Amino acid sequence: MPELPEVETIRRTLVEHVKNSKIEEIKLIWPGAVCGWEDQSFEALVTDRRIQTIDRRGKYLLIRLDEDLTLIAHMRMTGRLNYYPENQEPEKHTHVVFRLEHGEIHFSDVRKFGRIQAIPTPLCISGSSLCKLGPEPLETEFTSEVLRERFGKKKLPLKAALLDQHVLAGLGNIYVDESLFRAGISPGRGTDTLTEAEISKLHHAIQDVLQAGIDAQGTSFRDYRDANGEKGFFEQELQVYGRGGKPCKVCEQSLERIRLAGRTTVYCSRCQK
DNA sequence: ACTAACCTGTAA
DNA sequence: TTACAGGTTAGT
């Protein structure tokens, strides 16, 4: 489900409820959803620690606990983190319940792809999946030059390169297609074929569309909900994702729907060159 | 660089 | 019944 704008929205809606709250109890309904550190169980590591704050890196949520422990959470396709102010009966696909001083966090995931890992905070930088991630697209250090640098000497279709989290962190199938449409560039173009002007346009489009996604609290095309169970409303602003065969909102030509880098890809062959 | 695998649900 | 789904990884 969630790409950068959705994860950022979950972060914002969750942190306001749980900041400075102590985790009093963990209920592991499906233990496969979590992993601990070395020989310590997840419950032992996490119980009785206070949530300091929640950060985000790409599509990862970083729940910062006392004494330098971080919970690295990834929702994959259908994961959710829900906050409830009162005790709540777990739903069918809830795998972990964090009982707090006030309220509960429920981690649920229909497809069981999502994971929460407990790891000492210093190891997040060197010893976790985070360490190989590309730059954060909304930070000021991410410039057009950095994007060109990240493409490097690779000769990949843009679609594949932009989906690669090592190139740039946070884009997924929705926001790659939307970025390329807004930049007017075809998803099959090779990373080595772009002019400086096109890279600049793409860089701008990526930042623009991600910010717009956050402003709209994400895209609830199917399952996505924030920590309060609310939908985002960016779906109405989607130009191409999920609109294969429908008319382009700019030129009215029927949108192409192809398979590229193993993913369904929608674009306008007239607006995108 | 592509495919299968991980899972379940929904729609065609 | 089959295809497909917002992601990532480990295999060819």
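Every value quoted in this text rests on a predicted model; they were computed, and no experiment measured them. Quick note on labels: first sequence line is chain A, next is B, and so on, each numbered from 1.
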Those residues that, when tested against A/S21, pass side chain to side chain donor-acceptor pair (under 3.5 Å) (two or more places apart): none
Joint cluster assignment, A/Y175 & A/F181, ILVMFWY side-chain distance < 4.5 Å: no
Presence of salt bridge, A/K201 and A/E198, under 4.0 angstrom: no
Rounded to whole angstroms, how far apart are [atom1] on [X] and [atom2] on [N]?
X: A/L260; N: C/dC4; atom1: CG; atom2: P; result: 15 Å
X: A/K132; N: C/dG7; atom1: NZ; atom2: C1'; result: 17 Å
X: A/D223; N: C/dG7; atom1: CG; atom2: C1'; result: 13 Å

I'd like a list of close polar pairs between nucleotides 8-12 of chain C and the protein, N/O only, cut-off under 3.5 Å.
residue, atom, partner, partner atom, Å
C/dT8, OP1, A/H74, NE2, 2.9
C/dT8, OP2, A/K59, NZ, 2.8

Whole-Å P distance, B/dT10 and C/dT8: 23 Å
Those residues of residues 108-117 of chain A lying under 4.0 Å from DNA chain C by at least one heavy atom: A/R111, A/F113
A/L156 backbone acceptor or donor facing A/T191 side chain under 3.5 Å: yes
Where chain A begins and ends its contact with DNA chain B, read 5' to 3' at 4.0 Å from heavy atoms: B/dA1 to B/dG9
Presence of A/R259 side-chain N/O under 4.0 Å of C/dA3 phosphate oxygens OP1/OP2: no
Side-chain N,O (A/T264) to OP1/OP2 (C/dA5) below 4.0 Å: yes
Nucleotide pairing, DNA chain B (Watson-Crick or G-U, distances under 3.5 Å), in dot-bracket with [ ] and |: ||||||.|||||
Close residues, residues 28-37 of chain A, relative to DNA chain B [heavy-atom separation under 4.0 Å]: none
